[in-house]
Trainee: 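I have a structure here, written as structure tokens, and I will follow up with some questions on it.
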Amino acid sequence: MNELEEITTRYLLGELSEQEQDSLEERYFHDPKLFNAVLQVESELVDAYARGQLSTDMRERFEKSYLNHPARRKRVNFARALTTRIDQRE
């Protein structure tokens with residue numbers, strides 16, 4: 001995992017300090033490439049969770065923080081349903 005992926009993952013899991021979070025948000029709101037990179041990391045994290053591919057530690061961190069938000073829970077539930085459907089077709 002590169003530094004951007006690490007920082008973004010920590011951001012998505014609510015593990016950055018307020019200053020680090022503000023700095024990242026300021027940067028990605030003004031940089032479309034960075035914004036897309038953050039979205040990509042989030043999609044990969046959600047997909048890995050939905051497929052049961054996260055380490056125990058990462059899964060626990062994800063469940064503790066990411067799933068606390070209702071919209072994020074809906075996204076994960078959708079990803080689970082989608083990956084189940086895709087896996088059934090393969």
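Note: hydrogens, waters and symmetry copies are ignored here, and every other heavy atom, side chains too, is used. All values derive from a computational prediction rather than experimental measurement. The residues of the chain are indexed from 1 along the displayed sequence.
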Trainee: Show, in sequence, the C-alpha distance, side-chain angles and deciding distance for E26 and D22, and conclude whether the side chain to side chain contact (heavy atoms under 4.5 Å, CB included) test is met.
Mentor: CA-CA 6 Å; E26 180 70 26; D22 290 346; over 6 Å; no
Trainee: Please step through side chain to side chain contact (heavy atoms under 4.5 Å, CB included) for the pair Y49 and L67, ending with a clear verdict.
Mentor: CA-CA 11 Å; Y49 179 80; L67 293 179; 3.6 Å; yes
Trainee: So, taking the atom named CD1 in I7 and the one named CD in E3, what distance separates them when rounded to the nearest 0.5 Å?
Mentor: 4.5 Å
Trainee: Determine, for K64 against E60, whether the closest basic-nitrogen to carboxylate-oxygen distance falls under 4.0 angstrom.
Mentor: no
Trainee: Does any N or O in the side chain of E20 come within less than 3.5 Å of the main-chain N or O of S17, such that one atom is a donor and the other an acceptor?
Mentor: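 Such a contact is found between E20 side chain and S17 backbone.
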Trainee: Stepwise, does the side chain to side chain contact (heavy atoms under 4.5 Å, CB included) test hold for E42 with L39?
Mentor: CA-CA 5 Å; E42 183 177 22; L39 292 179; 4.2 Å; yes
Trainee: Check whether V46 and F35 end up in the same hydrophobic cluster, where Ile, Leu, Val, Met, Phe, Trp and Tyr are linked by side-chain heavy atoms less than 4.5 Å apart.
Mentor: yes
Trainee: Using modelled atom types only, decide if a donor and an acceptor are shared between the side chain of S23 and the backbone of Q19 within a distance under 3.5 Å.
Mentor: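 No; zero donor-acceptor contacts below 3.5 Å.
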Trainee: Could you measure the distance from the CZ atom of F62 to the CG atom of L12? Nearest 0.5 Å is fine.
Mentor: 8.5 Å
Trainee: Return the CE to CD distance between M58 and E63, rounded to the nearest 0.5 Å.
Mentor: 12.0 Å
Trainee: At what distance, to the nearest 0.5 angstrom, does CG of L54 lie from CZ of R59?
Mentor: 8.5 Å
Trainee: With heavy-atom distances below 4.5 Å as the criterion, would you say the side chains of Y28 and K33 are in contact?
Mentor: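 Of all side-chain heavy-atom pairs linking K33 with Y28, none is under 4.5 Å.
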Trainee: About how many Å separate CZ of R51 and OG1 of T84, when rounded to the nearest 0.5 Å?
Mentor: 8.5 Å
Trainee: Has the side chain of S65 got a donor or acceptor atom that lies under 3.5 Å from a matching backbone atom of R61?
Mentor: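 No; zero donor-acceptor contacts below 3.5 Å.
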Trainee: Rounded to the nearest 0.5 Å, what separation is found between the CG atom of N77 and the CZ atom of R72?
Mentor: 14.5 Å
Trainee: Go through the steps for R75 and Y66 under the test side chain to side chain contact (heavy atoms under 4.5 Å, CB included), then give the verdict.
Mentor: CA-CA 11 Å; R75 180 177 180 173; Y66 192 89; 3.8 Å; yes
Trainee: When you compare the side chain of L34 with that of L24, does any pair of heavy atoms fall below 4.5 Å?
Mentor: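 SC-SC contact between L24 and L34 confirmed.
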Trainee: Examine distances only and state if a side-chain atom of N36 and a backbone atom of P32 form a donor-acceptor pair shorter than 3.5 Å.
Mentor: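 Yes; judged by distance alone, with no hydrogens or angles, the pair exists.
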Trainee: Flag the pair E5 / T8 as yes when at least one side-chain heavy-atom distance between them is below 4.5 Å, and no otherwise.
Mentor: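 No, too far: nothing below the 4.5 Å cut-off.
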Trainee: Find out if a path of hydrophobic residues (ILVMFWY) with successive side-chain heavy-atom gaps under 4.5 Å connects F29 to L4.
Mentor: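 They do share one cluster, since a chain of ILVMFWY contacts under 4.5 Å joins F29 to L4.
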